Amino acid sequence: MRVLVVGAGAVGGYFGGRLLEKGEDITFLVRERRKKQLEERGLVIRSVHGDVVLTPKTLVTGEKAEPFDVVIFSNKAYHLQEAIRDAKPYVGETTIVLPLLNGMAHMEVLWREFSKENVLGGLCFIETTMDQDGTIIQSSPSHDVKFGEWSGEITERVRALHELFSNCNARFRLSEQIVTDMWHKYLFIATMSGVTTLFRAPMGPVRSGEYGQELLFALLKEIAAIMRAHGAPIAANIEEKQLAQMNEMSPDMKSSMQRDMEKGNMVEVDHLQGYLLTLAKQYQIDAPLLKAVYHHLKLYEQQRG
């Protein structure tokens, strides 16, 4: 199968790189600057799971190419419309679209642009960043992708994807409940990104402070209440489970949103916390902690200009 990865940044560059390392037919859709960087230095991955330097195939927007079998979106949510525009010429009638974005708001956009039939559910768990030289630095035990049909069926196409992803130096798992998996990930990442950015600290200091456990659990409960009102198929005891997961994380673990703030970059506040607050208004649910997180992030956006 021919695979197009939209972008070669921290997430797409890592997972696409691991597939390329395995020997799959991977092409990266990139900007001219990134193309030049890849040509000069290669795709460089420094990881707790093993370092590698690869020579990738690249496409620059507008270059001619036949439609791909699979297109993977791993961009930040605030670049979604741009990524869709760039990738659209390479998506055919039977192309499988696999998004690895955080949250849920992007699904309606992708369904509208590519049809619900073409788009799978997907998510990833990874701590990774890209330095100024374009080196991808991956530092967590987790380097996981989950994917599956929205319906939960095990179709021929997801079987083929499962085969494509097998025996790769990253964990790709086929899920029969990808919708639940995505909502659970959304709850986890909205909470973790919320507290690490609000308190400007990694998970260790956040959870060990006098009010850390109370605040973490309260934010988890606020967000879960919004999701349940919306009809999201989340587990009854998911808040307790995720608090336990957060307590097991490495104390120096940071959210990607926190890393973006530290670099002065844009953040996915509207896509993550903002979308949840839109739902909260719709269902008349008060979420004071979530509002505090959102307000802090919007102030950061104003201050960065």
Side-chain angles (χ1 to χ4, degrees), residues 1-91 97-102 122 124-140 142-143 145 165 168-170 172 254-268 304-305:
M1 298 175 86
R2 294 171 59 247
V3 179
L4 181 67
V5 180
V6 183
V11 174
Y14 183 82
F15 288 114
R18 290 307 189 191
L19 289 168
L20 180 60
E21 179 186 29
K22 180 197 164 189
E24 297 296 344
D25 186 353
I26 309 297
T27 302
F28 294 91
L29 182 61
V30 293
R31 296 272 176 268
E32 285 286 359
R33 181 177 174 276
R34 184 63 171 143
K35 177 183 170 74
K36 187 170 184 291
Q37 209 170 40
L38 292 169
E39 286 172 347
E40 290 175 353
R41 303 185 69 246
L43 178 60
V44 184
I45 296 173
R46 302 279 179 244
S47 167
V48 294
H49 298 286
D51 300 343
V52 66
V53 180
L54 302 157
T55 305
K57 292 192 290 187
T58 59
L59 264 180
V60 174
T61 306
E63 285 187 333
K64 296 289 185 187
E66 291 297 310
F68 286 78
D69 299 306
V70 184
V71 173
I72 299 175
F73 284 90
S74 58
N75 49 281
K76 295 288 189 180
Y78 43 74
H79 289 317
L80 182 59
Q81 291 293 350
E82 187 181 1
I84 288 170
R85 184 197 67 211
D86 292 349
K88 220 165 190 180
Y90 313 112
V91 176
V97 175
L98 175 59
L100 300 181
L101 286 75
N102 291 322
C124 66
F125 271 111
I126 190 167
E127 187 178 15
T128 184
T129 189
M130 191 167 75
D131 70 15
Q132 288 184 332
D133 296 326
T135 297
I136 295 165
I137 302 163
Q138 191 275 324
S139 53
S140 62
S142 296
H143 58 159
V145 169
F165 294 149
C168 171
N169 186 15
F172 288 83
K254 296 180 178 182
S255 65
S256 59
M257 188 182 283
Q258 182 185 359
R259 291 185 183 281
D260 285 336
M261 282 185 75
E262 289 171 352
K263 293 177 183 176
N265 292 343
M266 293 173 68
V267 291
E268 296 180 301
R304 71 176 289 275

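Please read all numbers here as calculations on a predicted model, not as lab measurements.
- The main-chain N or O of H49 is found under 3.5 Å from a side-chain atom of N169 such that the two form a donor-acceptor pair.
- In plain terms, the two heavy atoms of L29 and V60 that are nearest each other are CD1-C, 4.1 Å.
- The side chain to side chain contact (heavy atoms under 4.5 Å, CB included) test with M266 singles out one residue from M261, M257, R304, K76, and that residue is R304.
- Within the 4.5 Å cutoff, the side chain of F15 has no heavy atoms near those of the S74 side chain.
- Screening H79, R31, Q81 against D86 for a side chain to side chain donor-acceptor pair (under 3.5 Å) leaves a single residue, R31.
- Between G9 and M130, the shortest heavy-atom contact is CA-SD, 3.9 Å.
- In this structure the side chain of F73 reaches within 4.5 angstrom of the side chain of I84, judged on heavy atoms.
- Atom CG of L43 is separated from atom CD1 of I136 by 5.0 Å, given to the nearest 0.5 angstrom.
- Going from atom CD1 of I26 over to atom CD of E21 covers 12.0 Å, rounded to the nearest 0.5 Å.
- With values rounded to the nearest 0.5 angstrom, L4 atom CG is found 12.0 Å from L98 atom CG.
- The two residues E268 and A77 come nearest to each other via the heavy atoms OE2-N, 2.7 Å.
- K57 places none of its side-chain heavy atoms less than 4.5 Å from the side chain of L20.
- Counting only heavy atoms from C-beta outward, the side chains of L80 and N75 approach each other to under 4.5 Å.
- Checking side-chain atoms of S142 against main-chain N and O of I126 turns up no donor-acceptor pair under 3.5 Å.
- Between T129 and K263 the shortest side-chain heavy-atom distance falls below 4.5 Å.
- With sequence neighbours excluded, the residues satisfying side chain to side chain donor-acceptor pair (under 3.5 Å) with R41 are T135.
- R18 has its side chain within reach of I45: a pair of non-hydrogen atoms, C-beta onward, lies under 4.5 Å apart.
- The structure places CD of Q138 at 13.0 Å from CZ of R46, a figure rounded to the nearest 0.5 Å.
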Can you give me every donor-acceptor pair (side chain of residues 65-72, partner residue at least two apart or in another chain, under 3.5 Å) with its distance?
| residue | atom | partner | partner atom | Å |
| --- | --- | --- | --- | --- |
| D69 | OD2 | R2 | N | 2.7 |

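- Nearest heavy atom pair, residue F28 against residue G16, reads CZ-C, 3.6 Å.
- For K254, the side chain to side chain donor-acceptor pair (under 3.5 Å) test picks out E262, with sequence neighbours left out.
- Contact of the T27 side chain with the Y90 side chain is not registered, since no non-hydrogen atoms from C-beta on lie closer than 4.5 Å.
- Side-chain contact check for T61 and E63: no donor-acceptor pair (N or O, by modelled atom type) lies under 3.5 Å.
- Under the 4.5 Å side-chain criterion, counting only non-hydrogen atoms from C-beta, Y14 is in contact with S47.
- The two residues G7 and V30 have their closest heavy-atom pair at C-CG1, 4.3 Å.
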Evaluate salt bridge (charged side-chain N to carboxylate O under 4.0 Å, His left out) for K36 paired with E32, printing each intermediate quantity in order.
-> CA-CA 6 Å; K36 187 170 184 291; E32 285 286 359; over 6 Å; no
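- Separation of atoms CG (L100) and CZ (F125) is listed at 12.0 Å; rounding is to 0.5 Å.
- Here the shortest heavy-atom pairing between V48 and S140 reads CG2-O, 3.4 Å.
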